[in-house]
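Atom set for the values below is all heavy atoms of this structure, side chains included, hydrogens, waters and symmetry mates excluded.
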Amino acid sequence: MTLRLLEDWCRGMDMNPRKALLIAGIPLTCNEAEIQEALQAGLASLGQYRLLGRMFRREENRVVALIGLTEETSLAVVPKEIPGKGGAWRVIFKPPDPDNEFLKRLNEFLEGEGLTVAEFTSALGYGNDPFDLDQNLVPQVGAPMLAEALDEALQPALQYLKYRKLKVFSGSDPPEPGEEGFDSWLFHTTQMMKTWQVSDAEKRRRLLECLKGPAFDVIRVLKINNPFITVPECLQALEQVFGVIDNPRELQVKFLTTYQKAEEKLSAYILRLEPLLQKLVERGTIEKEVVNQARLDQILAGADDRTLRRKLDLPEDGPAPGLLQLLTLIKEEEAAEDEEEALLQAGLEGNFT
């Protein structure tokens with residue numbers, strides 16, 4: 001029923017259902033920010049996407065959301081569910097029909113070789129009946145060559161279906177049972193990445209698949225600012241946080257002397273500061289209970305704008321906002337400033353034309 005809903009919804013919006021997802025099982029109490037946070041964490045491997053709309057389903061007493069993708073994707077990279085408020089949210093995706101997709105790729109390959117499907121199947125010893133397209137046969141001597149060529153042509157698709165998963169890494173010290181320490185995990189991951197003949201997006205999905213806990217949180221935060229972050233950039237960020245142990249005192253000095261650069265957006269400054277903060281927490285220099293306050297204090301001290309607290313309407317006392325809440329406030333402020341600048345620029349251009 002939900003797949004039919006996906007197809008009908010896409011038909012009404014005149015869009016390709018294979019470039020869309022349906023997220024089902026969202027509680028009625030979920031607000032926009034909570035939905036976006038769950039999507040950012042759960043759909044990180046799919047690249048760029050948009051939340052196109054929401055709909056209430058009376059039979060489930062839940063909400064479903066339509067997600068638009070920039071391009072068609074593979075069933076292998078789409079999660080079956082994502083974690084969200086109230087439990088797991090189901091992901092409904094319309095994959096290509098396996099038979100039609102296979103025949104399409106087979107025809108494309110054989111067309112390049114100047115052969116028909118019937119000729120190919122006959123050469124492999126299956127006869128003409130399965131396709132019944134052409135009565136001409138190729139010599140049996142060509143069968144091994146064709147089989148090998150076809151295997152090579154279809155190998156990229158098989159890479160998505162069968163692969164050896166990466167070892168689990170969370171950043172916990174000491175590692176939990178079944179997890180790896182950072183150095184051995186990084187070496188294994190780097191070597192595996194070299195052997196995978198798949199897209200960068202698929203490599204990133206497989207990387208996120210093996211992360212959990214603090215390590216997953218680090219990449220999730222970076223993904224908010226850069227949805228197309230590369231695997232090398234992810235590994236570099238993890239190395240900054242969980243790599244070689246720095247002198248705690250030197251690390252603390254570096255954190256306290258990291259300031260916003262000229263022309264650097266405040267959100268980018270915060271994300272640049274975050275690996276240092278997480279490393280201090282991992283080393284026990286900053287207690288987890290005060291990490292939000294430590295982050296806010298350094299942001300207020302290191303930001304160019306000295307009126308930041310007033311602009312973001314942050315109270316003088318009370319609990320400091322968490323990272324995601326703080327980034328949301330700052331992104332809204334930056335969007336308003338960008339809009340104001342665009343309007344001003346348009347006005348200036350209008351005066352000189």
Side-chain angles (χ1 to χ4, degrees), residues 1-60 62-98 100-101 104 157 160 198-209 219-231 234 267 324 327-328 331-332 334-336 338-339 342:
M1 175 60 90
T2 30
L3 181 56
R4 176 63 61 84
L5 176 61
L6 171 64
E7 294 173 333
D8 292 344
W9 202 340
C10 288
R11 189 179 301 111
M13 298 184 67
D14 194 25
M15 63 182 294
N16 184 353
R18 294 200 179 102
K19 296 176 67 175
L21 302 174
L22 207 61
I23 309 297
I26 304 172
L28 288 171
T29 55
C30 265
N31 57 37
E32 180 84 12
E34 290 171 327
I35 293 177
Q36 289 287 4
E37 182 177 351
L39 295 178
Q40 288 166 354
L43 303 181
S45 62
L46 301 183
Q48 197 169 14
Y49 62 86
R50 290 181 300 148
L51 175 60
L52 299 178
R54 288 176 285 174
M55 179 186 299
F56 172 66
R57 297 198 73 200
R58 187 185 304 275
E59 55 268 37
E60 295 182 358
R62 295 270 175 157
V63 172
V64 294
L66 181 65
I67 309 300
L69 307 176
T70 56
E71 56 186 22
E72 291 190 31
T73 187
S74 165
L75 179 62
V77 302
V78 178
K80 293 182 178 179
E81 57 185 31
I82 62 174
K85 184 177 179 180
W89 299 352
R90 288 177 294 127
V91 180
I92 291 87
F93 172 60
K94 181 178 174 59
D97 181 79
N100 291 342
E101 185 68 12
K104 177 183 175 183
Y160 286 93
V198 295
S199 67
D200 291 339
E202 172 65 8
K203 286 184 179 180
R204 184 175 56 193
R205 186 194 71 80
R206 296 180 185 182
L207 174 65
L208 290 170
E209 181 183 59
I219 302 305
R220 182 182 64 170
V221 168
L222 294 176
K223 186 77 169 54
I224 293 172
N225 192 55
N226 179 13
F228 302 103
I229 187 170
T230 64
V231 168
C234 289
S267 57
L324 292 178
L327 277 173
T328 299
K331 287 285 190 180
E332 290 174 353
E334 289 176 345
D338 290 343
E339 183 177 358

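- Residues Arg54 and Ile26 are not in side-chain contact: their nearest non-hydrogen atoms beyond the backbone lie 4.5 Å or more apart.
- The existence of a salt bridge linking Glu202 and Arg206 is confirmed by a sub-4.0 Å separation between a basic side-chain nitrogen and an acidic carboxylate oxygen.
- Considering only residues two or more places apart in sequence or on other chains, Arg62 meets the salt bridge (charged side-chain N to carboxylate O under 4.0 Å, His left out) condition with none of them.
- Considering only residues two or more places apart in sequence or on other chains, Lys85 meets the side chain to side chain contact (heavy atoms under 4.5 Å, CB included) condition with Thr29, Cys30, Glu34, Trp89.
- Residues Lys331 and Ser267 form a side-chain contact, since some pair of their non-hydrogen atoms from C-beta on lies under 4.5 Å apart.
- The line from CD1 of Ile23 to CG of Leu51 is 9.5 Å long, rounded to the nearest 0.5 Å.
- The minimum heavy-atom distance linking Pro83 with Ala38 is given by the pair O-CB, 3.7 Å.
- Annotation for Asn16: atom CG counts as buried by contact number, over 12 foreign heavy atoms lying within 6.0 Å.
- Arg50 meets the salt bridge (charged side-chain N to carboxylate O under 4.0 Å, His left out) test with no other residue; sequence neighbours excluded.
- Remark: Val231 engages Met193, Lys203, Arg204, Leu207, Leu235 in a side chain to side chain contact (heavy atoms under 4.5 Å, CB included) (not counting sequence neighbours).
- Proximity of Val64 to Trp9: side-chain heavy atoms (C-beta onward) are separated by under 4.5 Å at one or more points.
- Using a 4.5 Å heavy-atom cutoff, the side chains of Lys94 and Glu7 are in contact.
- With sequence neighbours excluded, the residues satisfying side chain to side chain contact (heavy atoms under 4.5 Å, CB included) with Thr328 are Glu332.
- The two atoms that bring Cys234 and Ile229 nearest to each other are SG-CG2, 3.9 Å, heavy atoms only.
- Contact between Cys10 and Ala20 at its shortest, heavy atoms only, is SG-CB, 3.7 Å.
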For this session: Verify side chain to side chain contact (heavy atoms under 4.5 Å, CB included) between Asp200 and Thr230, making sure each step is shown before the conclusion.
Result: CA-CA 7 Å; Asp200 291 339; Thr230 64; 5.9 Å; no

Problem set entry | Verdict with reasoning, Leu22 to Leu66, per side chain to side chain contact (heavy atoms under 4.5 Å, CB included) | CA-CA 5 Å; Leu22 207 61; Leu66 181 65; 4.1 Å; yes

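- Using a 4.5 Å cut-off on side-chain heavy atoms (C-beta onward), Tyr49 and Lys19 make no contact.
- Screening Ile92, Leu6, Leu43 against Leu21 for a side-chain contact (heavy atoms from CB on, under 4.5 Å) leaves a single residue, Leu43.
- Residues forming a side chain to side chain contact (heavy atoms under 4.5 Å, CB included) with Leu324 (at least two apart in sequence, or on another chain): Glu37, Arg220, Ile224.
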